[in-house]
Every structure is written in C-alpha cells, then in structure tokens.
Amino acid sequence: MKIATWNINGVKARIDTVLAWLKETSPDVACLQEIKSVDENFPRQPFEDLGYNVETHGQKGFNGVALLAKSPLEDVQRGLPGNDADEQARYIEAGISTAGGAIRFGCLYLPNGNPLGTEKFPYKLEWMDRLIAHAERRLAEETPFLLLGDYNVIPDPVDAKNPENWIGDALFQPESRRRFRALTHLGLTEAVRSCSEEADIYTFWDYQAGAWQKNNGIRIDHILMSAQATDRMTGCGIDKHVRGWEKPSDHVPVWVKLAA
DNA sequence: ATGTCCTTTAAGAAAGGA
C-alpha cells in the first residue's frame, strides 16, 4: 500500500492539480497540509468520486490538514494534544484496518517559526515538544504508526542546496533540528533517508527567485515510522515532477510503500 | 534581484502568512 504526504498550499487553488496527482499515483492514504479551508467548504465530492474517504481539520484562511484514504478512517483525532489554548489547525490522526492489522497515521503541519525573535519561534518549539510527547505515547503501543507531513525542519546541511542561506531561518535553527532528532531518537525511522542514497533530494522550492529552475530546494516534508511500520516498508519516493506542473504547490508529494 | 503565490477584507488594493 502507498501512503503519501503533500503540502498543497490551498485546496481551492490546487484542486485540479491534486486530483491529477491522485489519478496518476493512486495512493491508498494521502495526508494533505495547508488546505486553507474551513471543514464546511472543503470540496469533499471530487475526492469521494475518486474513491476516497475524507476527514479534515481546517480553519479560516490558512493552515488546515486533511486525511484521504480508500479504506474507512477510524478513531479520528483532531488537534495535537497538550495545549487546549492552541487554536491553529495543524494535526489530524486516524487509523485504517488492513489484512496485516491496523495502521495509524498522524498528518501534521508543523509551525514555520519565522521570523526569529517573535512569538512564532517559541510556538514552533512548544509544538515540537508536544509532538515528541505524543509520539512517545503512540510508540508505547508498539503498533504500526506513521507521522507524515510538512515538518518545516531542514534536518541536516545535506537537506538544502544552499545551507548557508538558511543559517538565520527557523527551519534550520539548532533548536528545531535538535527536536527533530529527538523525535527520531524515540525510535521513529525517517523513510526517505532510510531507503534512498540519492543526493540533492528536496521537497520544497520557493516560488521566488527562480528557486525551482536553479534546483535551490530544501527537504522539509518527512515521513517518520514506528518500528512496526518500518518493518513493512518496501519503497519510498518523492514526486519531484509535480513541481513542474501548471499551478504547482511549492511543495511536492513524498510517499512510502508498506507491505499490505 | 523580496524576482511568488494564496487568502481575507472589502470594494481596489493591501496585508498576513509562507
């Protein structure tokens, strides 16, 4: 089965692009970020017409996440636990049943954190601390569990075409990178680095300054897997070509295949 | 070369977020 994540940068603006990609790759599960839509306005019908069950956690104007799955989505949980005052829609989690047992998916849109020196950066770090705590609880269940999404973290210098350009950016701060490592140190395996040895693999190219044309990208969309999920991994990939389509998102899909 | 895009507000641009 194929499980994908993609920051689509607005479902209203991207609907045709997203549908074209779904028809091309037909993932069994798709985690979408930055839907920029309230739940009531999410265009469910075209996705359901392609055979997907749809669950959303949206808000007005920005943020918002969605889960699509060909199987029924069970035990849907909206919002990252640990801070009732957090009103930003950045996390949705659900499970599906497979022949090999249940699998659970967390779809996340981690705060950007820029600019440094504002309340945005500590919010990012606090959100990451809550994600670590939540992952720790899920991992204790010792079941197949995946955390997929836009982490807004460049884990290492190799994950940027020009790492020197990101020194003053929240995505590349030691505090952000340390927390990403803490997540993996809990026992989560990062899919792409564990199944690909390619260089220059990125998931985001800014709309500005000809970043795509220069391949000036960064790798900030990640799939983290529990041991029980990792043991079933049969492949992974990045749908880079989608960045060259008409009306592209600035991110591209990342996917992993698990033995059914 | 802050060289782009999406959304909201509110009635044509401008601001916020990325």
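As the structure is a computational prediction, the values presented were derived from the model and not from experiment. Residue numbers start from 1 in every chain, and the chains themselves are labelled A, B, ... in the order their sequence lines are given, proteins ahead of strands.
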- Task: Report which part of the nucleic acid A/Ala13 touches: base, sugar-phosphate, or nothing (heavy-atom distance under 4.0 Å, all strands).
- Result: sugar-phosphate

- Message: Could you check whether A/Tyr109 and A/Tyr91 have their ring centres less than 6.0 Å apart?
- Response: no

- Item | By salt bridge (Lys or Arg N to Asp or Glu O under 4.0 Å) - contacts of A/Arg181 (at least two apart) | none

- For nucleotides B/dA10 and B/dA14, find the distance between their C1' atoms and express it as a whole number of Å. 11 Å

- Query: Starting at CD of A/Glu246 and ending at P of B/dC5, how long is that distance when rounded to a whole Å?
  - Reply: 11 Å

- Task: Return the value, rounded to whole Å, for the distance between atom CG of A/Leu32 and atom P of B/dC6.
- Result: 16 Å

- Hydrophobic cluster mates of A/Ile154, side-chain heavy atoms under 4.5 angstrom, ILVMFWY only, any path? A/Trp166, A/Ile167, A/Leu171, A/Phe172, A/Phe204, A/Ile218, A/Ile220

- Message: Show me the pairs that pass disulfide bond (SG atoms under 2.5 Å apart) and involve residues 219-260 of chain A, at least two apart or across chains.
- Response: A/Cys195-A/Cys236

- Once you round it to whole Å, what is the distance between C1' of B/dC5 and CD1 of A/Ile15? 18 Å

List every contact pair, protein side and nucleotides 14-18 of chain B side both N or O, where the distance is under 3.5 Å.
from   : atom 1 : to      : atom 2 : distance (Å)
B/dA18 : OP1    : A/Arg90 : NH2    : 3.4

- Would you list the pairs meeting salt bridge (charged side-chain N to carboxylate O under 4.0 Å, His left out) in which at least one residue belongs to residues 236-250 of chain A, sequence neighbours left out? none

- Rounded distance in Å - NZ (A/Lys247) to C1' (B/dC6): 9 Å

- Whole-Å distance separating the NZ atom of A/Lys12 from the C1' atom of B/dT8: 11 Å

- Query: If you look only at pairs with a residue in residues 131-156 of chain A, which of them pass as a salt bridge (charged side-chain N to carboxylate O under 4.0 Å, His left out), with sequence neighbours excluded?
  - Reply: A/Glu93-A/Arg138, A/Arg138-A/Glu141, A/Asp156-A/Arg177

